Number of protein chains: 2
Amino acid sequence: MVTLSDVAKQANVSKMTVSRVINHPEQVTAELRQLVEAAMATLDYQPNAAAKALANNRTNVIKLVILEDIDTTEPYYMSLLFGIAKGLDKCGYALQLVTERERLGKGNAADGFIVTGARAADLPLIDALAKPTVIFGENHNGYDFIDTDNKAGTAMATEYALAKNYQSLVFLGIDVKEAFEYSREAGYINTLQQHKKLPQIHRMSNHSHQSQQFINAHWAEFARDTCFICASDRLAIGVVRAIMQNGGTIPRDFGVIGFDGVFLDQVSNPKLTTVKQPVQRLGELLARMLLQKVAQSGAQQGELLVDPELIARDTTRK
Amino acid sequence: MVTLSDVAKQANVSKMTVSRVINHPEQVTAELRQLVEAAMATLDYQPNAAAKALANNRTNVIKLVILEDIDTTEPYYMSLLFGIAKGLDKCGYALQLVTERERLGKGNAADGFIVTGARAADLPLIDALAKPTVIFGENHNGYDFIDTDNKAGTAMATEYALAKNYQSLVFLGIDVKEAFEYSREAGYINTLQQHKKLPQIHRMSNHSHQSQQFINAHWAEFARDTCFICASDRLAIGVVRAIMQNGGTIPRDFGVIGFDGVFLDQVSNPKLTTVKQPVQRLGELLARMLLQKVAQSGAQQGELLVDPELIARDTTRK
DNA sequence: TTGTATGCGTTATCAT
DNA sequence: ATGATAACGCATACAA
């Protein structure tokens with residue numbers, strides 16, 4: 001293993017100079033700096049993370065806390081995890097997972113936390129962490145967070161449906177009291193109001209068979225030229241199935257737009273037009289924001305809403 | 001932060017005794033041991049991973065190397081990642097991700113590697129790692145590995161189809177030269193031979209539209225009472241679609257059995273009978289095997305084939 | 001069985 | 001601007 005000392009010898013300087021070239025390059029003359037950099041290159045010096053961590057009172061580990069009781073095969077969270085891991089790697093950080101509330105305080109220490117699935121009741125838990133923390137998912141309690149711009153997403157979908165000349169726009173929402181859902185509904189409502197149209201919202205739990213059942217039960221009420229704006233791809237898929245069961249023609253007479261764009265939209269048949277969340281990028285951004293917060297010893301980072309993207313496929317008119 | 005010294009003071013012993021209680025409890029008298037343990041409990045002592053790592057010349061980090069160029073939303077890999085992370089956490093290990101071959105040698109050091117998606121050409125790369133390594137996925141080059149028992153899986157599926165009285169059993173395989181595919185075909189072939197039936201295998205690339213197209217093109221050749229044993233859920237879904245397009249009745253006249261059981265099978269309609277791989281558990285086992293290998297300074301661990309589970313749902317007879 | 005001294009690789013403090 | 005030294009928390013070798 002190549003250490004600081006080795007590099008120092010090779011460059012004929014002290015360990016400290018090498019250390020400074022790495023951490024405070026401005027404090028060292030250009031001449032020596034180049035010497036040291038050359039030495040590091042020829043020896044292929046890789047700093048020892050453990051030693052660094054020990055000296056800095058750091059751990060080089062970030063914990064990802066998933067408070068929601070998720071089905072771990074849910075591609076959404078998996079994509080997020082992937083993005084976070086990638087973002088951390090870039091900075092030499094590693095990742096640990098916490099899926100149980102009880103294990104939050106236990107185990108190894110970490111330099112910071114990324115929390116997802118936090119509900120109001122969990123906020124005290126988060127405060128108790130006493131370490132830099134970043135939340136995944138909209139919230140309005142002053143915690144730093146990153147999320148998709150949900151409102152922009154449904155606004156985008158609604159505008160698109162209008163542009164494709166669907167006359168009636170119905171929103172199918174998820175029956176939860178969460179900020180993301182309110183924002184998605186708001187994006188739809190605002191856009192319709194701008195176009196002097198009346199919103200029409202139905203809420204149900206987030207399963208395709210729920211929306212399928214709902215459409216079947218109310219089929220007679222939906223005229224041709226209706227586009228269903230859905231709060232999730234799961235709901236959208238159920239709607240597609242119901243329309244086909246009832247003999248409706250997609251996309252000519254009925255349009256369907258989903259939300260999420262994680263795997264499900266691509267394997268459905270016909271392929272779903274959807275508002276795609278940049279989930280993996282969100283993960284990378286979470287990592288970046290948290291590491292910056294750690295570097296700034298816990299300074300407030302604010303909120304970051306990332307624009308989703310409308311993916312036009314086969315459930316809306318060309 | 002509570003350190004060894006704090007515990008030592010509290011228990012009126014030296015640091016070394018505390019250290020021994022942790023690492024070599026048999027070397028310390030029961031009396032002192034209990035004292036120390038009490039002290040650790042009252043102080044809620046958490047060992048400092050970085051210091052431990054530095055002293056042991058370890059990193060407490062494992063790298064997961066994904067050589068395949070995967071779509072990161074593929075739930076399969078994500079589930080695996082999740083399982084590995086969980087398994088590592090239990091032992092205080094953290095995870096780093098490597099997705100690019102070039103970055104394999106670079107970056108922080110690690111105590112060991114879990115490699116997935118390795119092809120024959122990658123084996124030199126793996127040897128070059130010079131660290132304990134465990135492979136995910138069948139291989140027969142002497143590397144330690146863990147995988148689903150693919151042969152048992154298709155054997156299980158074939159037996160099940162026979163038990164449900166499907167007369168003709170057709171296998172749809174994936175057109176790759178990989179050990180897992182050979183094993184899946186072997187499980188099917190062996191079982192049919194035991195029942196004095198002739199195997200019938202068709203291979204294609206792993207996309208639902210491929211299998212859908214294939215069934216459509218050959219529809220006339222498939223008599224009623226045929227069950228399609230598929231090497232993946234993707235293929236199975238395409239088969240289901242094609243059968244329905246052609247007016248076949250599932251599961252009465254035609255059966256379909258998939259392979260994988262990761263997400264796709266549940267969102268399909270009708271829900272798929274499938275051979276479910278315990279992917280997350282495989283991840284945890286990979287972590288466990290690798291950590292054991294690290295602890296045994298690289299000793300051979302052998303191979304581990306984990307039985308999959310047949311999930312009977314709506315594409316086979318009750 | 002238990003305690004003392006030393007080193008792991010790095011960084012910060014204090015000299016020069 | 002550069003270098004010597006101590007310190008981070010723990011584990012090993014050795015001494016008692």
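The shown structure was predicted, so the numbers you read here are calculated from the model rather than taken from an experiment. Convention: sequence-line order gives letters A, B, ...; per-chain numbering from 1.
Across every non-hydrogen atom of B:F145 and B:M289, the tightest pair is O-CE, 4.0 Å.
Between its opening and closing five pairs, the helix from C:dT1-D:dA16 to C:dT16-D:dA1 changes axis direction by 40°, a value rounded to 10 degrees.
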What N/O pairs connect the protein and nucleotides 13-15 of chain C at under 3.5 Å? Give each pair on its own line.
none

Under 3.5 Å, which protein N or O atoms sit close to an N or O of nucleotides 6-10 of chain C? Give each pair with its distance.
residue : atom : partner : partner atom : Å
C:dT10  : OP1  : A:Y45   : OH           : 2.3
C:dT10  : OP1  : A:N48   : N            : 3.1
C:dT10  : OP2  : A:L4    : N            : 2.5
C:dT10  : O4   : A:K15   : NZ           : 3.4

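For residues 285-306 of chain B, the salt bridge (Lys or Arg N to Asp or Glu O under 4.0 Å) pairs, not counting sequence neighbours, are B:D144-B:K293.
Checking the phosphate oxygens (OP1, OP2) of C:dA12, a side-chain nitrogen or oxygen of A:H24 falls inside 4.0 Å. For A:T17, no side-chain nitrogen or oxygen approaches OP1 or OP2 of D:dA1 to under 4.0 Å.
A search for salt bridge (Lys or Arg N to Asp or Glu O under 4.0 Å) contacts involving B:E178 returns B:R119, not counting sequence neighbours. For A:E284, the side chain to side chain donor-acceptor pair (under 3.5 Å) partners two or more places apart in sequence, or in a different chain, are A:K90. Legend: residues meeting side chain to side chain donor-acceptor pair (under 3.5 Å) with A:Q96, ordered by chain and number and at least two apart, are B:D89. With sequence neighbours left out, B:Q10 forms a side-chain contact (heavy atoms from CB on, under 4.5 Å) with B:A39, B:T42, B:L43. For the salt bridge (Lys or Arg N to Asp or Glu O under 4.0 Å) test, no residue two or more places apart in sequence or in another chain qualifies with B:D149. Taking A:T116 as the reference, nothing meets the side chain to side chain donor-acceptor pair (under 3.5 Å) condition, with sequence neighbours excluded. Applying the side-chain contact (heavy atoms from CB on, under 4.5 Å) rule to A:P47 yields the partners A:Y45, A:K52; only residues at least two apart in sequence or on another chain are considered.
Distance CG (B:L35) to C1' (C:dT1): 15 Å, rounded to an integer number of Å. Atom C1' of nucleotide C:dT2 and atom CD1 of B:I22 are separated by 16 Å, given to the nearest angstrom. Distance NZ (A:K9) to C1' (D:dG3): 16 Å, rounded to an integer number of Å.
Of the charged side-chain nitrogens involved, at least one lies within less than 4.0 Å of a carboxylate oxygen, so that B:R101 and B:D122 count as a salt-bridged pair.
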Ignoring hydrogens and angles, write down the donor-acceptor pairs under 3.5 Å from the side chains of residues 25-33 of chain A, residues two or more places apart or on other chains.
residue : atom : partner : partner atom : Å
A:R33   : NH1  : A:P25   : O            : 2.8
A:R33   : NH1  : A:V28   : O            : 3.2

